[in-house]
Amino acid sequence: VLLVGILAAWRASPSSLGSITKRPDIIDPEEEPSSSGYQGDDKELAFRYGLIEQRLMDSGLSLASEMGTDGSAQNLAIEWIAIFDKAILDPEHPILLQRYALAVFFFSTYADDDIYDYDDTDGDEVGARKLDELGWNDWGGWLSGESHCTWYGVECQTEAGLDLDMGSVTHLNLTSNNLKGFLPYEINGLIDLQLLDLDGNSLTSDIPETIGDFADLEILYLSNNEFSGTIHTEIGMLSSLTELYLGNNGLEGTIPTEVGNLILLEALALNENSLTGTLPRELGNLNELSFLYLDNNGLKGQLPSELGSLKKLQDIRLSANAFSGTIPREMGDLMGLEYLYMDSNELVGTIPDTFGDLIFVKEFHLFGNQLTGSFPEQLRELELMTHLYLDHNALTGPLQEDLFIRLLFLEELYLSDNKLTGPLPSSIGNLEMLTRLHLSNNNFSMSIPTQIGNLDNLEECFLENNQFEGAIPLELGNLVNLRELLINGNSLGGPIPFEVCELTETQVLTEFHSDCNGDPKKVECPCCTECFD
């Protein structure tokens, strides 16, 4: 609904304080202007306006130049609270600053400016429809005369001596609500804010430095927006913060060392930005940290050994950066770790033997690095592991025969594109929950173990481009869930067992590659989907 009744009537007055750009409000269009907002003559109105403006300036919340700029969020907010707000707060009311801050926030984020530039001849109904389509998804109660504590997404606490309806704002939760525009620095007027959740909107520009003024803020969710600029050092002033989510924006620059001051922090998510530089060692001060998400940035350099101090860490994601050097042995001290994502970097050296102490790890992602050395036998102790990704490295040597005896929960095993040698251990047959087995592009030799037929849940079996030899085991025909079987590029020979071909007839096995081309053919395969020399 547009400011058509009250606003238009006041704007038409020759002694009005200035024009007001048409913006949305919750004022009932059927209500008479005379029944809304502050009632008084022009002199009284100007006096009230001046008192409120002075208080806002004295508080440092807004500048006079901003409030005096026609059509600015600050200008619209002060005109609303001084003239049209049916709460008619006294200029010295303790909640006036917060109600003003909410109004500035509304006018800063409701919609793009261009939607207000519609043709007046279309009428108010057309304009209102445009606002409904392009503004917030839900704006129930906002800028009404009702208590701001009842506005959509706002929660309050009541202070001594204040009416319940005029409590101090503690929660502002407008996640996925089609907010556009920018986050105004007046947001710090919500001095008792404990939770700010604006995740999943389209907010742009910098995150204001005043974000550091929230002494009581515990949860800050600004992920999945279009924020740009740097992470200001003032972020380190949020001494009560337990969760900080700034992921999936366009943030640049380095991670400020002041983040290490957030000693109560339990979750830090800066993933999917354009951050650069090295990891500050001060991250090791975050003794309460359980979740650290820094993946998909441009971070580089050696991983600090101080990461091993994060004893409560459960989930660390450093993927898709440019980290280099060796993996700190101290990371083996993260005894509560369940998810380790360090793939797609430039890490070198061996996998620390201390990683065998990570007994609660479920997912182990180290693929896409430059790791060398033999397969770490200590990993066989990680009995809870479900996903092991070590592909696209330079690991060498054979796999231990008893490697898979205790890894009974393993669902996905990726060792492709290494330099592994020797036989595939028969203990592979213990992995009855395995769905994906990727061993391509290594130097595995000898025969394919018949125990592979025990893997009832296997869907993908990639063994191509190794040195396997001998006959194709008929036990592969037991794999009734197998969708892809790639055995080309080996020294296998003879006919494909009938039991294996039957899998193609049931239309389960849809990709089957072998060396069934050439003269003479190494493999006789009437059911393969693609043949190689």
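For His232, there are no ring-ring contact (aromatic ring centres under 6.0 Å, His included) partners at least two apart in sequence or on another chain. Residues passing the ring-ring contact (aromatic ring centres under 6.0 Å, His included) test with His392: none are found, sequence neighbours excluded. Partners of Phe364 by ring-ring contact (aromatic ring centres under 6.0 Å, His included), not counting sequence neighbours, listed by chain and number: Phe355.
A donor atom on one side chain and an acceptor atom on the other are found under 3.5 Å apart for Asp343 and Ser319. Counted by atom type alone, Gln54 and Tyr49 present zero donor-acceptor pairs between their side chains at under 3.5 Å. Side chains of Asn297 and Asn321: no donor on one and acceptor on the other come within 3.5 Å. In this model, a donor atom of one side chain and an acceptor atom of the other lie less than 3.5 Å apart for Asp315 and Tyr293. With 3.5 Å as the limit, one finds a donor-acceptor pair spanning the side chains of Glu243 and Tyr221. Counting only N and O atoms by type, the side chains of Gln194 and His171 include no donor and acceptor under 3.5 Å apart. There is no side-chain donor-acceptor pair under 3.5 Å between Asn393 and Asn369. Looking at Ser168 and Gln98, their side chains do bring a donor and an acceptor atom within 3.5 Å of each other. For the 3.5 Å distance criterion, the side chains of Glu186 and Tyr100 fail to qualify, holding no donor opposite an acceptor. For the residue pair Tyr185/Glu209, the side-chain donor-acceptor check at 3.5 Å is not satisfied.
Taking every heavy atom of both residues into account, Val104 and Ala73 meet most closely at O-CB, 3.8 Å. Contact between Leu318 and Met342 at its shortest, heavy atoms only, is CD1-CG, 4.3 Å. Closest approach of His148 and Val154 over heavy atoms only: O-CG1, 3.3 Å. Annotation for Ile187 and Phe214: closest pair O-CZ, 3.2 Å, computed over non-hydrogen atoms. Of all heavy-atom pairs between Ser305 and Pro328, the closest is CA-CB, 4.0 Å. The two residues His387 and Leu410 have their closest heavy-atom pair at N-CD1, 3.9 Å.
Of the possible donor and acceptor atoms, none in the side chain of Glu412 sits under 3.5 Å from a partner among the backbone N and O of Thr435. Between the side chain of Asp197 and the main chain of Leu222, no donor-acceptor pair closer than 3.5 Å is present. In this structure, Thr254 contributes its side chain and Pro256 its backbone to no donor-acceptor pair below 3.5 Å. Side-chain atoms of Thr230 never come within 3.5 Å of backbone atoms of Gly253 as a donor-acceptor pair (strictly under, hydrogens ignored). Using modelled atom types, one side-chain atom of Thr69 and one backbone atom of Ser65 make a donor-acceptor pair closer than 3.5 Å. No donor-acceptor distance shorter than 3.5 angstrom exists from the side chain of Ser344 to the backbone of Ala320, with no hydrogens or angles considered.
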Apply side chain to side chain contact (heavy atoms under 4.5 Å, CB included) to Tyr414 and Arg436, showing your working. CA-CA 8 Å; Tyr414 283 54; Arg436 291 179 174 84; 3.2 Å; yes

Evaluate Ile351 against Leu390 for side chain to side chain contact (heavy atoms under 4.5 Å, CB included), listing each step before the verdict. CA-CA 10 Å; Ile351 299 173; Leu390 295 177; 3.8 Å; yes

Take Thr386 and Met433 through the test side chain to side chain contact (heavy atoms under 4.5 Å, CB included) and record every step on the way to the result. CA-CA 9 Å; Thr386 60; Met433 297 185 67; over 6 Å; no

CA sep, side-chain torsions, deciding dist, call: Asn249, Asn273, side chain to side chain donor-acceptor pair (under 3.5 Å): CA-CA 5 Å; Asn249 281 290; Asn273 281 290; 4.7 Å; no

Begin from the C-alpha positions of Glu363 and Tyr341 and carry the test side chain to side chain donor-acceptor pair (under 3.5 Å) through to its verdict. CA-CA 8 Å; Glu363 296 191 17; Tyr341 287 64; 2.4 Å; yes

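To the nearest 0.5 angstrom, Asn287 atom CG is 11.5 Å from Leu313 atom CG. In this structure, CG on Leu198 lies 9.5 Å from CG on Asn177, to the nearest 0.5 angstrom. With rounding to the nearest 0.5 Å, the separation of CG in Leu183 from OG1 in Thr109 is 8.5 Å. Residue Asn261 holds its CG atom at 10.0 Å from OG of Ser239, rounded to the nearest 0.5 Å. With rounding to the nearest 0.5 Å, the separation of CD1 in Ile359 from CG in Leu382 is 9.0 Å. Taken to the nearest 0.5 Å, the CG atom of Asp90 stands 8.5 Å off from the CZ atom of Arg55.
Ion pairing of Glu288 with Lys312 is present here, as a side-chain N (NZ or NE/NH1/NH2) and a carboxylate O approach within less than 4.0 Å.
Heavy atoms from other residues, nucleotides or ligands lying under 6.0 Å from CD1 of Ile263 number 12 at most. Counting heavy-atom neighbours within 6.0 Å of Phe182 CZ, excluding the residue itself, gives a total above 12.
Aromatic rings from Phe106 and Trp136 are positioned such that their centres are separated by under 6.0 Å. Checked against the 6.0 Å centroid criterion, the rings of Trp142 and Tyr152 do not qualify as a close aromatic pair.
When the options Leu193, Leu217, Leu61 are evaluated for a side-chain contact (heavy atoms from CB on, under 4.5 Å) with Asn188, the one that passes is Leu61.
Taking the side chain as every heavy atom from C-beta outward, Ile255 and Leu275 approach each other to under 4.5 Å.
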